[in-house]
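Counting begins at 1 with the first residue of the sequence. FYI, side chains are in, hydrogens and waters are out, and symmetry mates aren't considered; it's all heavy atoms of this structure.
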Amino acid sequence: MAAHKNAQKTFIWQVVIYSYIFQIISGLIQYSILEEMKKGSLVGNVANDLNLDDKELETRKLKIVTHTKKQYFNISLENGNLYVHEKIDRDYICGMEVICLLNLEILAENPVNVFHVKIEVKDINDNAPSFSKSIFDLAISESAAPGTHYALDKARDPDIGLNSIQSYNLTPNQFFKLGEKISTEGIKYPELVLEKALDREQMKFYELILTASDGGKPMKTGTALITITIQDVNDNFPVFSQDTYRISVEENLPNNSLVLHLSATDKDEGPNAEISYSFSHIAESAKDTFKIDSHVGDIITSGPLDFEVTQNYEITVEAKDGGGLTTHCTVFIQIVDVNDNSPEILVASLITPIREDFAPGMLIALIHIIDLDSEKNGEVTCQIAETSLFKLLPTSSGYYKLLTSSVIDRESNSIYNITIIAKDEGFPAMETRKNIQLNVLDVNDNPPIFNNKNYIAFVIERNLPGTAIHNVHASDLDTGENARVVYSILNTIIENIPVSSYVSINSGTGVIYAQQSFDYEQLREFQIQVMARDSGSPSLNSNVTVRICIVDKNDNAPVILYPSPDIEGKPLFEFIPSSSEKGYLVTKVIAVDADSGHNAWLSYHLLEGPGSSFFTIGQHTGEIKLAKDFQDTDFLRQTVVVMVKDNGIPALSATVTLNMVMGDNFQQVLPELVKQPTTSDVSSNVTFYLVISITFISLLFIMTVIVTVITKCRKSTTPTSFSTSSRPWYPQFSLKYPSQLSDGSLPFPYSYDVCVTLDSSQNEVAYLKPVQDIPTDNLINTDDLGGGIESTKEILPSCSVTQDIYRISLKEDAPNGFLVLHVDATDEDEGSNAEITYSFSHIATNKMDIFNLDPENGEIKLSGPLDYEVKQNYEMTVEAKDGGGLVTYCTVLIQVVDVNDNAPEIQLVSLTNPISEDSVSGTMVAEFQVKDLDSERNGEVSCEITEALLFKLMPTSTNYYRLVTLSSLDRETLSMYNITIIAKDEGSPQLFTKKAIQIAISDVNDNPPFFEKLNYIVYVSENNQPGTSIYRIQASDLDSDKNARIAYSILNKNISDIPISSYISMNSKTGVIRAQRSFDYEQLRDFNFQVIAKDSGSPSLSSNVTVRLCVIDKNDNAPKILYPSQDMDGTLMFEYIPHSAKNGYLVTKVIAVDLDSGHNGWLSYHLLQVPDPSFLNIGQHTGEIRLARDFKDSDSLRQKIVVLVKDNGLPSLSATVTLNFVMAEDFQQAFPEIVKQPKESDVSSNGTFYLVIAITFISILFIVTVAVTVIAKCRRKHNPNSLGALSRTWYPQLSLNYPTQFSDGSLPLPYSYDVCVTLDSKQNEIAYLKPVQNVPTDNLIDTDDSLVVNETEVGSTQVSRIYYLCLKKILLLCLYDNFFPDP
């Protein structure tokens, strides 16, 4: 033994020396420590061994990476010392290995390096020897011979060398001594040797202490208690307490219930006193009913007892002890009846189905009730449950009649489930229920019922005849023929046409068909009555109303109301004053569309033409305005073509041609309108030529007078021929001018605005991603396992075992229950002495859960999982004991073979999270280590990432990887990346591990805010309260946090020279727009402004959006009458009506406008006061006053009426005007009535007329002067004094009379107004798609100036008249000097 210890010490020193030499050669860092060192104990200084100074130590950031599950060491980042972090148990980590090494990896950064460190853990005597069991039980027969050996289990000590077990000791006694057995491998096993014969009667039980001691200093020991029991010999029979047993049990005794407990006794002990019970004799019918517990002697029920089948049983029971001695007894069992049979219900007869009109008391079924029990348990009562329509009537013993008790309704319930309850009188009472299903036949007692109280069907106009419109459906609660419904339409008349001409109905299906093509403009809806009649006898019926509505299609082109295109080919003219400026309202095109809704939304357009550049037209209003100021070089007459187009698909349109005439006054353009010239570009400059003519003639006249005077001065004094005249002579001239008369008609066209809605019933128009598959078929390679068991030997319970140790290789993935080894020991004895039981004599406590030994057959099986990574080998001692208490032992060594059962592990070393989205390519995100607990190829690992195109893996050193960015990142595309790292080993089957790293991307302000819409249209009602919330503008920013915090503002601009801030304001945080003032639709209809959304990033980003604010009109303006004008200083307004005017003659037209729009601007005209309602009528929507009949002699020549103009707003506003009508054959007849108070403003100055008169007068005067001069010359030669009698004071006098200018009663100027008309007068709302542009309406027409004569014309006329008077006086003076020379 001493030699063995010296060899072991020599081996240990060799290992230490070789390890030190290897460390020097390889350059690895290696430390040696003792196990069980306290936490915080210093192991060594890594920084010094790695030659790292303090500065490098701080930047390299040393970190320990271990491959063990526990972290045994830690490292100080301040000084680089390596400390013990957790107590180290060498025996746990390395087991029985001589050298115990721990491998560490120290990770350093900047740059990344891995340093390998090995730490040797040295053993100390920290474990005392221990036995697998604290008590060893032995059973020895009292007949055992001295010298017999009994094997004992050896002790275990986790320490190695001298610290392991060295010797065994036994408590001194006279019967037993301690022996030793040494195996071929040098392992000592203790044995117990019998020295003296045993006597059970003297002592039945012995207790001895076995002590094991190690060689450590100090020495440690371990003990186990050996208990020895002396076994007896079988020499006594079992005995029952009595030979016969009698017992009564109820038949309802449940299975496994105790019937009788039998007990037999035996004076022997141990197995010889162990009695077993069995049935020696039992009837075949009772074998399934009773059974007996072989150990305790309990007779229990194993099947149902039934008094009605068997009332008693007889059974013989046998008792046998362990030595085979037997005895018998008899058991009588009497069955007692209980109420265990429910009554039975039998239906003797049944009538089904039955009619629902069955009378009460009709027989339906005959029922028989029976019960197998006896006495009161068999007495039964019967009843029915939960129905008042049926009743039971008992007839004879056990028989009942089922009768109807009231009227049956099939529609309420077509099938009756009648439950019959039979109940006996036993305890507890038992009952039976039987269900009888009774069908009810139908009777026609229900009329058809429609699904709806009324129906509304829609059909598009211009449909094809035969088109299915709708389907009505009626249901009948009856069945069969009684529920078959026939449909028909009741005959009605719709607009004098039978309903059958409009629709028809399928009598079987209820489908309604159109019989003709409908026209929405002629018929918008109608109602019909549909009757549904069933086919029962007698039949029943019901009616329903169906309302059929025609849906409009765009099948009507727009119709132009004004200007009217049907004026017998005459062109349409509009008067434009020459002083009109850009924006002047010339006229308005009014059109309507017979369609409705979207199809009736009209738009106005100017077609390209010669005059289109002069004018603009409102797309939705039809207002024609001047596009530029009038120039002298422009043509006085322009032609434009207006196209009116609807919004249907396809769109339909209409056109109208208008002629625009420009002039200074109405009289100037009147010839153009009355004569209808064919050349529109002729401009008559008569006035210019007339002025030249007057000048020329005047110069000629003056030259003539001068020549005459010169001639006169050269002559001698000659008596005049007029000297005899004695009185003054004055020539008289009567100049009369014709009057301009009106014919009483309206010489000029008038313009309207027709505002048509899309659909008066609408308020708006909308323009147009597996559990991994782990194979389990071959968890254990049975071929390999078979080869892995080196030997299977029989274990003999004697000292002559040929092989003491068995070695087995076992894969770690062997399943639970797997047979590891079959131990089979033999014993030459017989009987109970040869019965061998097996047990573990020595096995670690934590291994008891892994291996299981069958005590009867010696099979060692797995009962828990094997893990190569936790434990590579197992050692256990198996004990075989025979019935006489002799034992023997063998050692089983199990080597665990590694399989690829550990997936790779991924350990994150460092992680940068989050990372900025503007990180450059190649930025390191994370560093991690991969390892696999398996060995060889099963532990070789490769690593990759999946589905992360923006990242890649870069290996740095063994099992270390870096995760870096591959390209630029965008947080807005993906703000969080879930990168899956996959580590795969090279084993078979291959295992892999996935580790998800979640990387957040931090935001950079790289996205400007964006609005939800490209532009916004918001609405606010006029006359709103200041501060009213109008709308909320919402913008979003793809960035986050501060970069996504948006501030709103309005871009500064001016609207009509007023800052936008005076109109609206905006909340910078919420984006809510508020009104700063009360808006007026008539002053401002809409305006645009820019909203800026700016984020709070650095630098900040912004975006703009255009917001159009539209003011919605309210009815806050009364109609304004333009014609007849009411601002005439009290002057009455007259209209001339010729006596020849016929029925329908257009007398005049009331023209009015309303500054409001839409429904509020729709005007209607009414006669409020009229002397004779039958004489005149007025167009409700046009304002045209026409004769309602022909003129009669009895009619008053003067009529006075009051016209009311009313808008369609809520509340409605109105205005009135008074008109006077004069009837006469001609204008002169009506003149006294009309012209009573001429005013200066009524004078119509016509310069051309006066110029023509002046030329005529001067020409005649010139001719007369020449003639008189010639005559005077001629007479002077003959009678020089013929005029001597004339007085020198004679002057010719001229009386110049000028007619008064008066009104001709016509409309001197055209007027324009807005008429707002809906398509359907029954609707009370008008909705607009777009707000009307702001049109100033304060001075659409200046009625005060419309009748005032042009001042320039008046001034030129006055100058002309003064000039004429001067010429007259000069002419008279010249005549006087010629005829009456001064002496």
Side-chain angles (χ1 to χ4, degrees), residues 136-153 175-176 191-206 226-240 262-280 292-297 317-328 792-802 822-841 853-860 878-890:
F136 292 94
D137 295 323
L138 295 178
I140 303 175
S141 177
E142 59 181 329
S143 60
T148 306
H149 289 248
Y150 300 94
L152 297 176
D153 188 17
F175 293 96
F176 300 95
E191 289 183 337
L192 189 65
V193 181
L194 180 63
E195 289 187 321
K196 187 178 180 180
L198 299 174
D199 188 354
R200 188 185 71 84
E201 286 72 27
Q202 291 181 2
M203 185 173 289
K204 299 180 181 180
F205 187 79
Y206 296 90
I226 302 174
T227 61
I228 304 172
T229 302
I230 308 304
Q231 295 179 338
D232 190 28
V233 177
N234 187 29
D235 56 356
N236 293 285
F237 285 86
V239 177
F240 283 102
L262 297 177
S263 177
T265 59
D266 194 313
K267 295 180 180 180
D268 294 325
E269 293 180 351
N272 296 327
E274 293 178 358
I275 301 174
S276 62
Y277 302 90
S278 64
F279 288 139
S280 174
I292 190 169
D293 190 316
S294 62
H295 297 292
V296 298
V317 179
E318 178 187 270
K320 181 188 289 188
D321 63 15
L325 301 179
T326 64
T327 188
H328 300 84
T792 303
K793 299 290 185 177
E794 293 185 352
I795 300 176
L796 302 179
S798 67
C799 303
S800 58
V801 177
T802 58
H822 181 205
V823 178
D824 189 10
T826 60
D827 195 311
E828 296 178 356
D829 294 327
E830 294 180 351
S832 61
N833 294 328
E835 294 178 358
I836 301 174
T837 58
Y838 304 89
S839 64
F840 286 128
S841 173
L853 176 60
D854 193 311
E856 296 180 0
N857 56 26
E859 292 181 348
I860 300 177
V878 177
E879 175 188 275
K881 180 188 293 187
D882 61 15
L886 298 180
V887 296
T888 187
Y889 300 92
C890 71

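When all heavy atoms are compared, the tightest approach of Asp153 to Phe136 is CB-CE2, 3.5 Å. For the residue pair Ala880 and Ala825, the shortest heavy atom distance occurs at CB-CB, 4.1 Å. The two residues Tyr889 and Leu152 have their closest heavy-atom pair at CE1-N, 2.8 Å. The minimum heavy-atom distance between Thr888 and Ala151, with the atom names listed, is CA-CB, 3.6 Å. For the pair Glu318 and Ser280, the tightest heavy-atom approach, listed with the atom from each and the gap, is CB-CB, 4.0 Å.
Side-chain N or O atoms of Gln231 include one that pairs as donor or acceptor with a backbone N or O of Gly883 at under 3.5 Å. Panel note: side chain Lys320, backbone Ser278; no donor-acceptor pair is recorded below 3.5 Å.
Asp268 CG to Phe237 CZ: the interatomic distance, rounded to the nearest 0.5 Å, is 10.5 Å. Distance check, rounded to the nearest 0.5 Å: OG1 of Thr837 to CG of Asp854 gives 11.0 Å. Separation of atoms CD1 (Ile230) and OH (Tyr206) is listed at 5.5 Å; rounding is to 0.5 Å.
For the pair Asn272 and Asp266, the minimum side-chain heavy-atom distance is 4.5 Å or more. Side-chain contact between Pro238 and Thr326: absent, with no pair of heavy atoms (C-beta onward) separated by less than 4.5 Å. Between Ile228 and Tyr150 there is no side-chain heavy-atom pair separated by less than 4.5 Å. Counting heavy atoms from C-beta outward, Tyr838 and Leu853 have side chains that approach closer than 4.5 Å. Between Phe175 and Leu192, the closest side-chain pair of non-hydrogen atoms is not below 4.5 Å.
Applying the side chain to side chain donor-acceptor pair (under 3.5 Å) test to Ser839 and every residue at least two apart in sequence or in another chain returns Glu879. Looking at residues two or more places apart in sequence or on another chain, you find no side chain to side chain donor-acceptor pair (under 3.5 Å) involving Glu274. Evaluation of the side-chain contact (heavy atoms from CB on, under 4.5 Å) rule for Asp829 yields Asp827, Asn833, Ala834, Asp882 as partners, not counting sequence neighbours.
Test Leu194, Ile836, Leu138, Thr148 against Leu886 for side-chain contact (heavy atoms from CB on, under 4.5 Å) and you get one pass: Thr148.
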